[in-house]
There are 2 protein chains.
Amino acid sequence: MSQTVDRALTVLPLLAEGPATLDQVARRLGVHKSTALRLLRPLCDHGLVYRRPDQRYRLGARLFSLAQEAMESLDVREIAHPHLLRLNAETGHTVHLAVYEEDEVVYIDKVDSRYPVRMYSRIGRPVAITVAAVAKLLLADLPEDERRALAERLDYPKYTPHSTPDAPAFLAELARVREQGWATDLGGHEESINCVAAPVRGPDGRVAAAMSLSAPNVVVGADALVGLLPQVRRTAEAVSAEYCGRRTEPDRTAGPDEHSDEHEERP
Amino acid sequence: MSQTVDRALTVLPLLAEGPATLDQVARRLGVHKSTALRLLRPLCDHGLVYRRPDQRYRLGARLFSLAQEAMESLDVREIAHPHLLRLNAETGHTVHLAVYEEDEVVYIDKVDSRYPVRMYSRIGRPVAITVAAVAKLLLADLPEDERRALAERLDYPKYTPHSTPDAPAFLAELARVREQGWATDLGGHEESINCVAAPVRGPDGRVAAAMSLSAPNVVVGADALVGLLPQVRRTAEAVSAEYCGRRTEPDRTAGPDEHSDEHEERP
DNA sequence: AACGCCCATTGCAAATATTGCAACGCCGGA
DNA sequence: TCCGGCGTTGCAATATTTGCAATGGGCGTT
């Protein structure tokens with residue numbers, strides 16, 4: 001609807017691929033060099049894009065802090081965090097919290113395993129949507145048509161022999177997950193790692209987030225991990241209850257108000 | 001320079017404070033409701049802003065993944081990471097890597113302490129710029145006028161009695177840090193936590209990043225931590241050397257190329 | 001259950017901001 | 001020193017955005 005803004009925002013994913021010069025940007029945007037320059041300028045001013053000394057553009061650090069602030073203000077995350085810690089303390093395994101949004105499932109919180117073996121995952125990273133246990137829960141709750149459309153739209157990378165192979169298989173799995181109210185990923189992403197996950201539901205009964213427990217085979221076998229499912233479900237239900245209970249949406253009225261500095265941390 | 005884009009981008013920090021309705025946004029932007037709507041639309045399309053079921057706007061998940069991609073494509077980070085791991089393995093303490101950009105210092109990598117006591121910090125979060133050891137190193141390297149201007153511009157929160165009290169003290173500290181080539185934060189942010197940091201230098205000799213080792217008093221005293229300084233410096237120098245060595249800027253020419261899917265991870 | 005209010009949404013016309021072009025100036029290489 | 005490339009800016013035409021007012025839908029109230 002707004003051509004200019006749309007073009008400017010197209011720059012971001014473009015630069016996410018790597019640094020680019022002015023007219024690399026211009027060419028990929030299909031606009032004149034000068035236009036690209038004038039598009040880039042406000043992006044730089046706002047810190048979303050950084051202009052390096054060698055005059056190439058890359059994404060700016062403001063993006064990091066913005067994303068961070070956004071994440072920390074997610075109410076599900078805030079409520080769930082202590083519960084994640086507790087689940088981690090009880091089981092010792094890695095705990096994840098993820099949400100679905102616009103074709104993506106991303107981790108919004110994580111508590112690392114006590115064991116030396118740690119998984120490579122990171123808050124903010126998109127999840128392997130076709131195999132991850134949390135993704136299954138999140139997608140299983142979508143309206144049927146949307147779910148089907150999404151399933152068709154996705155790619156199905158063969159991470160391992162146990163990865164979900166295609167859309168029909170995925171939809172079948174989602175149906176099962178939807179019915180049983182929990183999900184697993186048994187070596188679907190990495191051969192030696194298993195996960196079990198449970199949904200967090202919002203006041204409207206829809207799945208607002210999903211939490212999972214993950215552990216490598218060498219630490220605990222798939223059966224044993226699935227044995228922990230009740231604990232995961234209990235935790236998820238506790239979060240749900242709290243999330244549905246107090247709806248503390250602080251109403252911020254208009255006008256430039258001072259945003260209280262949150263407590264920072266150290267280098 | 002581009003009013004429309006500028007306005008649209010102003011929305012982001014605004015929403016970072018918390019969710020807002022359409023005309024809260026409009027009012028704070030100083031534009032008509034309909035304008036705000038048309039500004040919000042492309043932001044939503046690109047996933048930077050999410051429109052919740054209750055029709056309030058908040059920052060979107062795309063921001064997370066974008067920031068993540070940006071971070072992972074930072075070459076310093078990539079080069080430094082194995083070294084951070086090694087330093088962590090050797091000392092057992094928390095290791096941070098941070099960069100400076102446009103008045104902000106943000107963590108771009110972190111390896112957690114082996115010890116149960118973990119610090120609250122997070123990749124992407126802005127650093128307490130007036131006290132953090134990494135911040136001191138990064139700022140000490142700025143040109144004098146810029147450094148002074150920035151110092152005047154900053155706030156000096158009294159996190160603890162040891163926090164940097166004001167601009168003159170900060171500038172003095174920066175001068176010292178600049179000379180000695182390393183920095184500390186002894187309880188300046190949290191009474192019981194100390195850090196030592198060393199700079200990573202780019203090909204141009206300027207400080208490109210800073211890495212630090214942090215530990216709470218209960219684990220290791222300030223003296224002992226400072227005793228680890230040589231190791232930190234050695235590590236930072238190793239990173240510098242490598243960073244200056246291979247300048248592998250993959251030249252991406254124009255044209256819509258497929259971006260190879262990186263390996264994802266699990267829920 | 002019906003009403004009324006609030007809020008998001010859209011058509012339209014005026015006006016303003018954006019676009020592409022071409023010329024300029026700068027830096028680095030030959 | 002000269003040449004070439006690249007980023008940058010002035011300008012005029014144009015397309016786009018803007019504000020207004022009217023519409024429609026959802027929700028709480030009476």
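It should be emphasised that the depicted structure is a prediction, and the values quoted were computed from it without experimental measurement. To find a chain, count down the sequence lines: A is the first, B the second, and so on, and within it residues start at 1.
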* What are the two closest non-hydrogen atoms of B:Val25 and B:Ala36, and how far apart are they? ->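 Result for this residue pair: CG1-CB, 4.4 Å.
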
* Asked: Taking only N and O in the side chain of A:Arg56, is any of them less than 4.0 Å away from OP1 or OP2 of D:dC6?
  ->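 No.
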
* To do: Answer yes or no: does a side-chain N or O of B:Arg27 lie under 4.0 Å from OP1 or OP2 of C:dC7?
  =>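 For C:dC7, neither OP1 nor OP2 has a side-chain N or O of B:Arg27 closer than 4.0 Å.
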
* To do: Answer yes if the side chains of B:Arg51 and B:Gln55 hold a donor-acceptor pair under 3.5 Å, and no otherwise.
  =>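 Per modelled atom types, B:Arg51 and B:Gln55 side chains form a pair under 3.5 Å.
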
Just by modelled atom types, is the [Y] backbone N or O under 3.5 Å from a matching donor or acceptor in the [X] side chain?
{"X": "B:Arg178", "Y": "B:Ala140", "value": "yes"}
{"X": "B:Arg201", "Y": "B:Ser240", "value": "no"}
{"X": "B:His46", "Y": "B:Leu48", "value": "no"}
{"X": "B:Gln24", "Y": "B:Thr21", "value": "yes"}

Quickly work out the [X] [atom1] to [N] [atom2] distance and round it to whole Å.
{"X": "B:Arg52", "N": "C:dA8", "atom1": "CZ", "atom2": "P", "answer": "13 Å"}
{"X": "A:Asp54", "N": "D:dG5", "atom1": "CG", "atom2": "C1'", "answer": "15 Å"}
{"X": "B:Leu37", "N": "D:dC20", "atom1": "CG", "atom2": "C1'", "answer": "15 Å"}
{"X": "B:Tyr57", "N": "C:dC7", "atom1": "OH", "atom2": "P", "answer": "14 Å"}
{"X": "A:Leu40", "N": "D:dG7", "atom1": "CG", "atom2": "P", "answer": "10 Å"}
{"X": "B:Leu22", "N": "D:dG26", "atom1": "CG", "atom2": "C1'", "answer": "16 Å"}
{"X": "B:Leu29", "N": "D:dT18", "atom1": "CG", "atom2": "C1'", "answer": "13 Å"}
{"X": "A:Gln24", "N": "D:dG5", "atom1": "CD", "atom2": "P", "answer": "16 Å"}

* Note the angle between the end axes of the helix from C:dA1-D:dT30 to C:dA30-D:dT1, five pairs defining each, rounded to 10 degrees. => 40°

Mark yes when over 12 heavy atoms from residues, nucleotides or ligands other than [X] sit less than 6.0 Å from its [atom1]; otherwise mark no.
{"X": "B:Arg148", "atom1": "CZ", "value": "no"}
{"X": "A:Gln180", "atom1": "CD", "value": "yes"}
{"X": "A:Glu179", "atom1": "CD", "value": "no"}

* Would you give a per-nucleotide map of nucleotides 15-26 of chain C, 5' to 3', where B means the base has a protein non-hydrogen atom under 4.0 Å away, S means only the sugar-phosphate does, and - means neither? => --SSBBB-----

